[in-house]
Amino acid sequence: MKGNAVTAPSFPIRSLAAAFLAVLVGVGLSRFAYNPLMPATILAGWFSPSHAMYFAVANLAGYLLGALTAPKLATLVAPHKLLRLSMLVAAAVFFCSTTPLSFTWFFTLRFVSGVVGAFAMVLSALTVLPLIRERYQGVASGIIFAGVGLGIVVSGSLIPYLLTSGLASTWAYLGAIALVACLFSWSWWPQAVSTTPPIAAEVRRHSLPERSFSATFTVYSLVSCALVGHMIFLVDFLSRGLGHSIQVGSTLLIVFGIGAVGGPIVAGRMSDAVGIIATTRLMIVLCIPSIGVLAMDASLIGIALSCLVTGSAVTAIPSVVLGRIKELTRSPIRRRQAWATATACYAIAQTTTSFFLAETLRFSGERYDLLFLICTALMGIALAIQLLADHPRRHRLPCEGP
């Protein structure tokens with residue numbers, strides 16, 4: 001590959017597996033496993049409902065801090081060492097969660113889990129993708145982000161069974177899974193340094209497309225806002241909004257997770273074949289009716305299809321956004337900075353939208369149709385901005401590196 005000292009293989013399986021496991025542990029489990037565990041902590045008398053909600057906020061706050069600090073830390077510490085440490089810390093957080101010593105203790109643990117989750121999200125793909133040939137990088141990126149989807153599937157299927165052995169044991173089991181993943185991937189991380197010219201040379205020779213960066217961040221933020229309805233309110237909508245049982249909600253959450261596993265892989269393959277922009281537009285177009293259908297009297301089959309499509313988008317959109325950032329700059333440092341900015345925008349947008357939609361539900365008398373109409377409109381705005389901002393062709397910088 002141009003700009004590298006060594007020829008990149010098609011798929012360095014172990015390095016790809018290491019990145020997949022890091023995202024699985026850091027985001028798939030450390031973030032999404034808390035959703036089914038939150039009511040269990042309340043029922044067990046560990047914490048009150050208000051405290052449990054604060055823990056979710058702590059995780060998002062930690063995720064934001066991690067996204068903002070990851071690029072700087074990666075210049076001070078080798079990314080593969082930082083990722084190893086992140087996985088170890090994630091496992092330690094699970095083990096420490098087995099005892100609810102105090103509100104401050106648990107709040108800190110959830111905050112730390114958010115920080116290491118952001119490290120995994122920001123650094124994993126960009127550490128491994130330079131080893132992979134250009135034409136395979138889309139699908140490779142999709143495989144990495146599929147780790148988030150597997151975490152959602154585990155959260156919806158495995159945790160209810162683990163809880164039969166007790167809440168403390170469930171946290172310990174999750175810690176064991178994270179620790180095993182960390183140990184397996186320990187020697188799989190790549191340690192080679194790219195020989196791509198430094199960022200200063202790139203700035204001198206190329207005018208960075210700041211408008212395209214801004215459009216990418218804006219679209220990514222709007223899409224993340226539009227997906228909040230499914231990511232945060234889905235089970236509540238099914239149980240309290242439509243009167244379905246918790247079992248139905250859990251089943252559809254698993255469907256959502258299955259979509260999140262396959263979505264980035266399919267989107268990655270498409271982006272390799274037809275380009276990042278065309279793939280992004282198709283995904284957004286598919287999401288608009290998939291979200292809008294929940295504002296109507298949809299059948300369970302329709303809701304299941306909606307969960308499958310939007311679940312795919314939850315993990316596929318980050319994959320294609322990372323691909324777009326790679327098209328816009330060939331500097332590894334600039335890529336880390338841009339991807340960290342995109343991740344921070346995602347976290348801020350989702351946090352803000354979650355509070356806004358929760359208040360909308362409260363003041364509207366729990367009108368879920370209004371909630372999903374707002375989400376549909378946000379996705380439509382994202383499509384409009386994307387159509388205006390970019391042309392459906394692949395943008396490559398001269399002599400682009402990994």
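Contact detail for L282 and M270: the closest heavy-atom pair is CD2-CE, 3.2 Å. Contact detail for I276 and V320: the closest heavy-atom pair is CG2-O, 3.4 Å. Taking both residues in full, the closest heavy atoms of F372 and I291 are given as O-CG2, 3.6 Å, listed atom of the first, atom of the second, then distance. Taking both residues in full, the closest heavy atoms of V293 and S306 are given as CG1-CB, 3.9 Å, listed atom of the first, atom of the second, then distance. Across all their heavy atoms, C375 and G229 have their closest contact at SG-N, 3.9 Å. Between V25 and A181, the shortest heavy-atom contact is CG2-CB, 3.8 Å.
Considering CD1 of I381 and SG of C225, their distance stands at 10.0 Å, rounded to 0.5 Å. The line from CH2 of W171 to OG of S97 is 4.5 Å long, rounded to the nearest 0.5 Å. We find the CG-CD1 distance between L388 and I385 to be 8.0 Å, quoted to the nearest 0.5 Å. Here the OG atom belonging to S124 is positioned 13.0 Å from the NE2 atom belonging to H80, to the nearest 0.5 angstrom. Expressed to the nearest 0.5 Å, how far CG of L179 lies from CG of L88 amounts to 7.0 Å. Taking CG of L150 as the reference point, atom CD1 of I258 lies at 10.5 Å (rounded to 0.5 Å).
Judged purely by atom type and a 3.5 angstrom limit, T315 uses its side chain to pair as donor or acceptor with the backbone of A260. When atom types are taken as modelled, the side chain of S271 and the backbone of G268 share a donor-acceptor pair closer than 3.5 angstrom. At least one donor-acceptor pair under 3.5 Å links the side chain of T75 to the backbone N or O of K72. Under the 3.5 Å distance criterion, the side-chain polar atoms of N59 are left unmatched by any main-chain donor or acceptor of R31. For the pair S185 (side chain) and W188 (backbone), a donor-acceptor distance under 3.5 Å is absent.
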Derivation and outcome, side-chain contact (heavy atoms from CB on, under 4.5 Å), residues S290 and L305
CA-CA 7 Å; S290 297; L305 290 174; over 6 Å; no
Applying side-chain contact (heavy atoms from CB on, under 4.5 Å) to L131 and L16, what does each step give before you reach the verdict?
CA-CA 9 Å; L131 301 178; L16 200 61; over 6 Å; no
Can you list the steps and then say if F119 with V89 is a side-chain contact (heavy atoms from CB on, under 4.5 Å)?
CA-CA 11 Å; F119 286 172; V89 171; over 6 Å; no
Could you walk me through whether R324 and I277 pass the side-chain contact (heavy atoms from CB on, under 4.5 Å) check?
CA-CA 8 Å; R324 180 61 177 146; I277 295 174; 4.1 Å; yes
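Counting heavy atoms from C-beta on, the side chains of C345 and T341 come closer than 4.5 Å. Under the 4.5 Å side-chain criterion, counting only non-hydrogen atoms from C-beta, M121 is in contact with F145. Two residues are said to be in side-chain contact when any heavy atoms from C-beta on lie closer than 4.5 Å; W189 and S15 fail this criterion. For the pair Q386/T216, no side-chain contact is recorded, criterion being any heavy-atom separation below 4.5 Å from C-beta on. Contact check for R367 versus T360: no side-chain heavy atoms found under the 4.5 Å cut-off. Two residues are said to be in side-chain contact when any heavy atoms from C-beta on lie closer than 4.5 Å; F111 and L65 meet this criterion. Counting heavy atoms from C-beta outward, Y220 and P318 have side chains that approach closer than 4.5 Å. Contact annotation: the side chain of S30 approaches that of F94 to within less than 4.5 Å [non-hydrogen atoms, C-beta and beyond].
A 6.0 Å sphere centred on CZ of F95 holds more than 12 heavy atoms belonging to other residues, nucleotides or ligands. Applying the 6.0 Å contact sphere to CD1 of I301 captures no more than 12 heavy atoms from other residues, nucleotides or ligands.
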